[in-house]
Amino acid sequence: MTAAVFFGCAFIAFGPALALYIFTIATEPLRVIFLIIGAFFWLVSLLFSSLFWFMARTITDNKDGPIQKYLLILGVLVSVLIQEMFRFVYYKLLKKASEGLKTINPDETAPSMRLLAYVSGLGFGIMSGVFAFVNTLSDSLGPGTVGIHGDSPQFFLNSAFMTLVIILLHVFWGIIFFDGCEKKKWSSLLVVLLTHLLVSALTFISPHYGINLVSTYLIMVLMGIWAFFVAGGSCRSLKLCLLCQDKDFLLFNQRSR
Amino acid sequence: MEAGIQQRPGLVLSPRCPVAQPRGPLGGVMGRAGLPGKLAGTARSARRCQKLFQALLPPWLPGAAAGRTLRLGQHRGAGGASQGRAMLTFMASDSEEEVCDERTSLMSAESPPPRCCQEARQGLEDRESAAQWFQNTRARHRRAHHGGVPWPSPSGFPQRSQDSEEDLDEDADRYMCSGVPGQPSGLEEELTLKYGAKHVIMLFVPVTLCMVVVVATIKSVRFYTEKNGQLPYGAGREQSLQPAISLSIYTPFTEDTPSVGQRLLNSVLNTLIMISVIVAMTIFLVVLYKYRCYKFIHGWLIMSSLMLLFLFTYIYLGEVLKTYNVAMDYPTLFLTVWNFGAVGMVCIHWKGPLVLQQAYLIMISALMALVFIKYLPEWSAWVILGAISVYDLVAVLCPKGPLRMLVETAQERNEPIFPALIYSSAMVWTVGMAKLDPSSQGALQLPYDPEMEDSYDSFGEPSYPEVFEPPLPGYPGDELEEEEERGVKLGLGDFIFYSVLVGKAAATGSGDWNTTLACFVAILIGLCLTLLLLAVFKKALPALPISITFGLIFYFSTDNLVRPFMDTLASHQLYI
């Protein structure tokens, strides 16, 4: 507990997202705006999911027992559905906005749909991660002993890693999702939805962190590879990038400096 | 005096600013911690954004283009004011004011501390009515540079003064001025959009900073969440009780009642009292302005900023030191507070580096918001927030609204209204033909400059220099004086009420951060939407309603619906 755990877990969970934000988003005002709008859409989807869960709970009159657990599971699954639905709504909105931007500025390089996919995924991810983890983080700042009642002592670490993987997954899902919408490949959308459901469902076995985390990271890696290829990457470009031989990229960096 | 040089950082000066204009001593009577401001967009940026917006909206939405044309026509009729209300206003008048006499920069009237009840109320009223004016002027220079069409509309600047008066009147604090874009069409659109997004970010940053300060203080310093200033130490008791007493005059109905209905009734009554005081103050201010009691308002503004910068800073510092158990002797304390306050007065009311002025304005807004959070009763605060948004909407959009009347009066007199506290992030480059000196980049340089430069370069304007002219008294306003003004100004009242909402979300609730974050995002989105609407409708719009509505909706729904859900998920370690 206290500061060490707080900073450690905070940077584990939000470090990569912060880096992505600082290096890719913070420089362009339009991207920041789209990021915040994406976060807002996720928030609205969460609102609807909570409303659903709340109504379901009220209908069952808050009885304790296994029904609450089932309601929670149902709530989680419905929440995933609503999130993907809002991702679709956001895609539609961005599509209209892009068209609007294009008519206004034919010369202007309006953000491409791929970029917006990335930005929206990051927006969803950041908001999702923050909402999931920030209360836990603020508790970790205070005194205490973790796992004193027999729970796992790695509670904070597990939560941090889980938050990280959720953020990255949202980024990849965003890219794949938007690409599927653009190319009308509905199978992509379905896969995104199914993997999201799978990841959430895996957390139901929560005390067994090992399986949970490892499989989620595996899914994240797979999604990452798929998103990389969907976004236009290739093995060749990856090689060029890693060996610093990518002339376009180097030239671009030079110019913008 | 100088015809249009940026007299002080943050001010957008108009080169054509009529020097002969009588200098209104009260720049922004309304400039108190501003309440809702008017949004104004530039002609072209509005057109662009309008197109964009119309692409998104169903066709039955009123044609903003027509409205805009109408507004331009009106302004032309009204004495050459071309660019519609979007023009300047606040800043212009400010600049004009500055042009006339730098020392009259009483503009930044501080939002009055609760102690100065009268002032506070007045300030509140003023603020409320205003809308944000989005300022975005393009350099005429562009056109000259490109040998393009001469600027068709009369320079926006004289109108700016009118507009600015209008705006200033209406809403000293809350506005964003937009200048007239004077560029060849090719560049405009892109630049407009870029500026549009950039201006939104230029507002996001200070609003976020203010909220961060308020939330950080609320979460760490217990004083601001305790009720009625119960201090364990005797020293600050009187001071902390005074604002309580002052504010309790406005909220006399206690909320310590057993029944929910009674409590609700009491808070509604408190709100009615507060709002009627605000309305009365606004009308009083209109009357004062109508009868030219400038000195009175001037003095009042100075008094309130003194109060805020010295007394409230002293209390705040005292509380922070107590929280962290740091000892500070009185001489050091005196020195610190004196320096802070004196530099603040100079920066806000006279001249100073732009960044410093912005920082002071943010700090003042945060202090004021903290005072509100502490001394307004729980439920009353929420009802007051809602009521003020409604009042803002009414005061700005209704023809008989006090703020509107104030603006019209100022417009008739062709006087610059004294700009009170307005946060300005103006980046002003005055590029005279004879002063192409790219090396003279001074303190006005803002971090976005390289980007601006790039954007200009990309338009094949390699020779456009980014010139940051230091304030030069006596710089003549050439014909070719091209001025690039890109500034966004937001009234402090907006800052204050946004921060009050977020601060209350952080203060109440069981240490829940989700609610605070949800309110924060909601307010930012409201601000975005308001700016978009501004660009579409091209007339003064109140800035508070949308953000506060979103904020309130998200506060109550997150606190009651989302929090239990997320807590349950977190306790079972489920992730959605």
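Numbered from 1 within each chain, the chains take letters A, B, ... in sequence-line order.
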Tell me, for A:Gln83 versus chain B, whether the close heavy atoms (under 4.5 Å) come from the side chain, the backbone, both or neither. side chain
Could you check whether B:Asp512 and B:Thr515, counting side-chain N and O atoms only, form a donor-acceptor pair closer than 3.5 Å? yes
Heavy-atom contact with chain B under 4.5 Å, split by part of A:Leu72: side chain
Counting the benzene-type ring for Trp, do B:Phe554 and A:Phe40 have ring centres under 6.0 Å apart? yes
Heavy-atom distances under 4.5 Å only: say whether A:Ile36 touches chain B with side chain, backbone, both or neither. both
Chain A contacts, top residue of B:Leu517, B:Thr558, B:Val562, B:Val521 (heavy-atom pairs, under 4.5 Å): B:Val562
Do the numbers put A:Arg87 on top of the ring of A:Phe41, so that NZ or CZ is under 6.0 Å from the six-membered ring centre and no more than 45° off the axis? no
Mark yes or no for whether A:Tyr21, through its side chain, and A:Leu122, through its backbone, hold a donor-acceptor pair below 3.5 Å. no
From the list A:Ile37, A:Leu47, A:Val44, A:Val130, the residue making the most non-hydrogen contacts under 4.5 Å with chain B is A:Leu47
What pairs with A:Phe155 under ring-ring contact (aromatic ring centres under 6.0 Å, His included), at least two apart in sequence or on another chain? none
Pick whichever of A:Ala39, A:Ser159, A:Gly75 has the most heavy-atom pairs under 4.5 Å with chain B. A:Ser159
Basic-acidic side-chain contact under 4.0 Å: A:Lys96, A:Glu99: no
So what's closer than 4.5 Å to chain A heavy atoms on B:Leu524: side chain, backbone, both or neither? side chain
Side chain from CB out, backbone as N, CA, C, O: work out which of these in A:Val199 comes under 4.5 Å of a heavy atom of chain B, or both, or neither. neither
